Each structure stands twice: as structure tokens, then as C-alpha cells.
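Report on the following structure.
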Amino acid sequence: MNKRQFLKGSCSILTGTMLSRFASATEEQTGLQSALQAAHQAAPRTNWAGNLTFHTDTLYQPKTTEDVQQIVKSCDKLRALGRGHSFNAIADSTHAQISLKQLDSIDIDAKARTATVGAGVTYGKLAPIIDAQGFAVPNLASLPHVSVIGACATATHGSGSKNGNLATIVSGLELVTAEGNLHILSRAKDGDHFLGQVVNLGGLGVVTKTTLDLQPTFQVAQVVYENLSFSQLEHHLDEIYLSGYSVSLFTNWQNHQATEVWVKRRLDPGASSVKFEPELFGAKQAKQKLHPVAGHSAESCTEQLGVPGPWYERLPHFKLNFTPSSGAEIQTEYFVPREHAYEAILAVEQLRDRITPHLYITELRTVAPDNLWLSMAYQRPSLAIHFTWKPENDAVQALLPLIEEKLAPFNARPHWAKVNTIPPATLQRLYPRMPDYKALLNQYDPQGKFRNRFLDTNIFSA
């Protein structure tokens, strides 16, 4: 996996002429007509990784929330499209998509310690802005070019046994529902229902803004350890994953080991450094920067060797200023209860000689439990087993059922935005609040304007 390609450019979103705000009634009408005009392009559009071609060439690109409302009113069927970083058809549509890329406002309330961000804002844009105001979010995904709202809608996560997924800090949403009405949802006002509204899979409507709880900014340093035997995980798994604020193990499933262990530690306020041991349960600290995949340049990777830096320049594995590429890969991820993490790793390891030829790398991360209805870590501390596959779709599709069979005893929950072959009936049983989520969908979108084949199959089929 060439991570410099992995981080050079995102899925190209169509550009088209949209409305501008005009003072006169005539100009407003002209703008409205422009907003309702979708952009079309003859060339097929794909997701970021290139493994999925969208089934519609109709793409709306509003500039304001009011534009979104008018577009929603005008459409019989519609799906919101983030930055195209989903690897399955969750954002696909056979009718029309709406890109929120131009809704890129960021409003910081220093007193409340919150940031309200437009649906087009990525973590890469958000992070340095809030850091300059003395704030941070507690965690980031490995790839900072995903949109905040898209990541939260699918329970995307970072790493850390005490860190919840990225959606756990969402305290408010601005939502345009099927009839074009604007709803302001909040943790304080909507209570238990809000726990089903945050990780919404795009089914409730079009989220135009989200409010995030912030914390004071902090510094992080990281080092990499090489060659950790899986045998150490049998009795020391929790100690290993608690050895840093964020810890990731990388493996190619050969030699019964993690080839690299990335340990990120927060510095105490005012401190200029943090101590790292020369060994971690037999794994030795690297003396030079490393890439997760052996033999690849570490130029795109965030600073290692214990050099401190701002949270947003250390929590991702790759630098913010590297632009993501077209991807050319497939991703899969399964969440198992942390209490069964070691057994789950051994179960997958049995397939190592089938997996490795088609694999770029696997990352093993821990995630704290939460109460968001459709979070993969819902009410259980979790180990996330992530596969970055070579773009070999037939081979991957043949492998996934074998991996899922090995993980079935652990009730593995697949990532909502990544590829899996778990039967819908099984998938639905994995979520105790699934009936409540279905009821919420029927309440907000009774005619199914925002449903697509992905939701119809995975949520509503028996």
C-alpha cells in the first residue's frame, strides 16, 4: 500500500453552477431555480477508493441550508454524499445525490466549549482552526480528510481504550427532513432519541450542521515498537492497549506477531516531553521513522521518535498536509468485544495464508463503549480488526465469508461504511436498539425519501 498515494487526493466531486444569494425577489427566484438544477456529467463518478461507481449522474451542490431545504422538497428520492470515503453503497443512489461540500462554516463558542460545523467540513480543516483557539477534539481517524458529519453518521473512530468513536462528542445536529423542514436536535433536548439520531446512516434526512463538544488543546508524542509477539496479548492485551492514549497494532498475519505497535502518549500540561520505554513486552522501540507497511517511505507519516507536537499532528497516522489520493483499495472492519479480543485474533490468524496475499495491512485498535444505538461499540468495549485490501474485489469477496465465519462466535459488528457480507438478518440482531432505530426512520421519513438499496437491504429486509 503506497500511503503517499493513499493520501494524495479525494474522490473528485462534480462542480456546477449553484445559486448565489440575491437581494431582490427576482434574483432570489433565479437563485432558487439554479439550486434546483442538478449537475450532470457523462463520465461515471466513483467513491474515493474507486471500488464503487455511483448509480446516478444527478448531483446537487447547495451553498446554504435554505438551498438544501428546497432541493429536498423537490426530490422524490435523495441520498447525502460526504467526501466519498465509504467503501460500500451506503451513500449510493439510483435517483439523486446531494453533496454538502460547500457548507463549510465553523463557529466556535469558547464559553460553551463547542464548535458547530457545516456538513462539508473535514477534520483536516477543523483541527488547526480549533487548535488556534486553544481547543481540541479527543480523537481523530487515521485519515483526516473525511467529513465530520459523514464520519459521525457511520460511527467512524480513532484509537484508544478510553476513547469513544468520533460521534460520541456530538451534542447537536441541524437536520433537514423529507418535507424540507429544518429540525434542531440536541443531546440536552432529545435525550434517548438523540442517541439514535447521531449515528443515523443518512436515513433520517440531510444533516447540514453538527455541534461538537471540545476540550483544551494538548500535545502528543509517539513512538513505534517492532515485532510484538501475539503470545503477549493472551495475558497483557489490556496493558499493551493502555500503554498510550492511542495504541495501534499492525500485522500482515504472518509469524504470529504485530510487525509494528504505534504508541501515542499525551503530554502533561506544560511538559516538554514524555517518557517511552525502550521495550514494550519484548517489542523494541524503532530508531527510525516507519511506515505501517514494511518497505514504504515514512515521509507521509506523522512524526515519531517521541517528538512532541499538537494533537492533530500526532493522532492520525498520516500528515494532514498530504492530500488523499484515489485510494485503489478496499477496506473491511469488524468490532468484537474486547474481552474476546485475543481469541478473535487467533481465529482470524488461522486464515493467514489465505489473507496475506490480498492484504496491504491489518490494524488492530481498541475503542471505548458508548450508548449510540447503531455504534459498532454500542455498550461494549471493543477491538476493531481492520483490513486494508488490495483492489482485488473477487478475492476479497471470497475471503470475507471465511473471516466472518471465524468471527461469528464473537458477534462481530461490521463497520457501516466498509465492505462485508454478513446477512442482513444477522446484522440486525447485533444491535439491541435496531427496532427503535427503524421506528425513528419511519417517524422522520415515512415515505422513504432517504432510503436506498443499502438501507432497504441491511435495515428493513428480514
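Since the model is a prediction, treat every value here as computed from it, not as a measurement. What you see below is based on every heavy atom in this structure, not just the backbone, and it leaves out hydrogens, waters and symmetry mates.
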query: So does Glu392 pair up with Lys390, basic N to acidic O under 4.0 Å?
result: no

Please confirm whether the backbone N or O of [Y] pairs with a side-chain atom of [X], one donor and one acceptor, at under 3.5 Å?
{"X": "Arg79", "Y": "Ile90", "value": "yes"}
{"X": "Arg314", "Y": "Gln219", "value": "no"}
{"X": "Asn163", "Y": "Tyr245", "value": "yes"}
{"X": "Asp436", "Y": "Ala439", "value": "no"}
{"X": "Lys449", "Y": "Ala178", "value": "yes"}
{"X": "Gln428", "Y": "Met434", "value": "no"}

Are [X] and [Y] an aromatic pair by the rule of ring centers under 6.0 Å?
{"X": "Trp416", "Y": "Tyr437", "value": "no"}
{"X": "Trp48", "Y": "His85", "value": "yes"}
{"X": "His317", "Y": "Phe250", "value": "yes"}

query: Relative to each other, are the rings of Tyr444 and His183 parallel, tilted or perpendicular (30° and 60° limits)?
result: perpendicular

- request: If the plane angle is over 60° it's perpendicular, under 30° parallel, otherwise tilted; pick one for Phe410 and His340.
  value: tilted

[X] side chain to [Y] side chain, donor-acceptor N/O pair below 3.5 angstrom:
{"X": "Thr302", "Y": "Glu313", "value": "no"}
{"X": "Asp370", "Y": "Asn165", "value": "yes"}
{"X": "Gln97", "Y": "Thr56", "value": "no"}
{"X": "Thr217", "Y": "Asp131", "value": "yes"}
{"X": "Gln331", "Y": "Glu329", "value": "yes"}

- request: Please confirm whether Arg451 makes a cation-pi placement over Phe460, using NZ or CZ under 6.0 Å from the six-membered ring centre and within 45° of the ring normal.
  value: yes

- line: Distance col, row Phe387:CZ vs Leu399:CG, nearest 0.5 angstrom, shows 9.0 Å

Any idea which heavy atoms bring [X] and [Y] closest together, and the distance?
{"X": "Ser171", "Y": "Asp213", "answer": "OG-OD1, 3.1 Å"}
{"X": "Thr154", "Y": "His415", "answer": "O-CE1, 3.7 Å"}
{"X": "Pro138", "Y": "Leu315", "answer": "O-CD1, 3.7 Å"}
{"X": "Val117", "Y": "Ile149", "answer": "O-CD1, 4.5 Å"}

Flag yes if more than 12 heavy atoms outside [X] fall under 6.0 Å of its [atom1] atom; otherwise flag no.
{"X": "Gln447", "atom1": "CD", "value": "no"}
{"X": "His55", "atom1": "NE2", "value": "no"}
{"X": "Glu405", "atom1": "CD", "value": "no"}

- request: Give me the one residue out of Leu195, Asn200, Val170 that meets side chain to side chain contact (heavy atoms under 4.5 Å, CB included) with Leu372.
  value: Leu195

Check against side-chain contact (heavy atoms from CB on, under 4.5 Å), Arg338 and Asp238: CA-CA 9 Å; Arg338 199 181 309 155; Asp238 285 338; 3.7 Å; yes

